[in-house]
Amino acid sequence: GAVVSQHPSRVICKSGTSVKIECRSLDFQATTMFWYRQFPKQSLMLMATSNEGSKATYEQGVEKDKFLINHASLTLSTLTVTSAHPEDSSFYICSARDGGRSGANVLTFGAGSRLTVL
Amino acid sequence: RKEVEQDPGPFNVPEGATVAFNCTYSNSASQSFFWYRQDCRKEPKLLMSVYSSGNEDGRFTAQLNRASQYISLLIRDSKLSDSATYLCVVNGDTNAGKSTFGDGTTLTVKP
């Protein structure tokens, strides 16, 4: 089936630094990828929809200047958490659809990136 | 009202029990429906798609009632390894539409 690779799986950084998370579709092309955030014992929250070759679409309440999304190719989207603060510590997960092989609309998730901001 | 609502849970059941999860959705134009499983501190993984005709995969049966905008998941003969959070996922009214997740229902199967 479709595989989505997300890196890094775990990152610890100091407050004020920026962290980049990569999401790659390994065996399919993804014009659209999705970024989520999940706090402990809470549900997944969609942050933004990443669109290849155009600007990302952010959900209400998500600061686009803080969470920079770049989708420069059909297999790679990146999320950069700028000037990270302890409240940004969370589990960030990306997903993509492989409409051909896995069936239309089935989302495949990356393994997630656990960010801890000290 | 949330777009996708699930049983709040948690469900604590003994091994071998049968357990059913329910999910309702508000957008009647929704196109596709899924159950995902999420283990603690891991990413969600597709458990099964849900079709109007109902579908079964081993001990798992999923059903969709479009008229009532209702989705269910039945797990028979529960195993300890079934312990996880089960997410109901509904896709929008286009193939590229957003996926909307329920808050999840946590199942713990005990020996």
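This is a predicted model, so every value here is computed, not measured. Below, chains carry the letters A, B, ... as their sequence lines are ordered, and counting in each starts from 1.
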Can [Y] be reached from [X] by stepping across I, L, V, M, F, W or Y side chains whose heavy atoms are under 4.5 Å apart?
X: Phe101(B); Y: Phe34(B); answer: yes
X: Val109(B); Y: Leu73(B); answer: yes
X: Val19(A); Y: Leu68(A); answer: no

Student check: side-chain heavy atoms of Gln6(A) and Glu43(B) closer than 4.5 Å:
no
Could you tell me whether the side chain of Tyr36(B) reaches within less than 4.5 Å of the side chain of Leu107(A), counting heavy atoms only?
yes
Closest non-hydrogen atom pair between Ser99(B) and Tyr36(A), with its separation
CB-OH, 4.5 Å
If you compare all heavy atoms of Gly102(B) against all heavy atoms of Ser43(A), which two are closest, and at what distance to 0.1 Å?
O-CB, 4.3 Å
More than 12 heavy atoms of other residues, nucleotides or ligands under 6.0 Å from [atom1] of [X]: yes or no?
X: Lys66(A); atom1: NZ; answer: yes
X: Met48(B); atom1: CE; answer: yes
X: Tyr51(B); atom1: OH; answer: no
X: Glu3(B); atom1: CD; answer: no

Spacing of Arg41(B) atom CZ and Phe91(A) atom CZ [to the nearest 0.5 Å]
8.5 Å
Which distance, rounded to the nearest 0.5 Å, do you find between the OG of Ser32(B) and the CZ of Arg97(A)?
7.0 Å
Greatest number of non-hydrogen atom pairs under 4.5 angstrom with chain B, of Ser9(A), Pro40(A), Ser95(A), Gly110(A), falls to Gly110(A)
Among Leu44(A), Thr57(A), Thr49(A), Thr31(A), single out the residue with the greatest number of heavy-atom pairs under 4.5 Å to chain B.
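The candidate making the most pairs under 4.5 Å is Leu44(A).
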Partner chain A: residue of Thr100(B), Thr85(B), Leu87(B), Asp103(B) with the largest heavy-atom pair count (under 4.5 Å):
Asp103(B)
Side chains of Gln38(B) and Gln38(A): donor-acceptor distance under 3.5 Å anywhere?
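Their side chains do contain a donor-acceptor pair, which is all the 3.5 Å distance test asks for.
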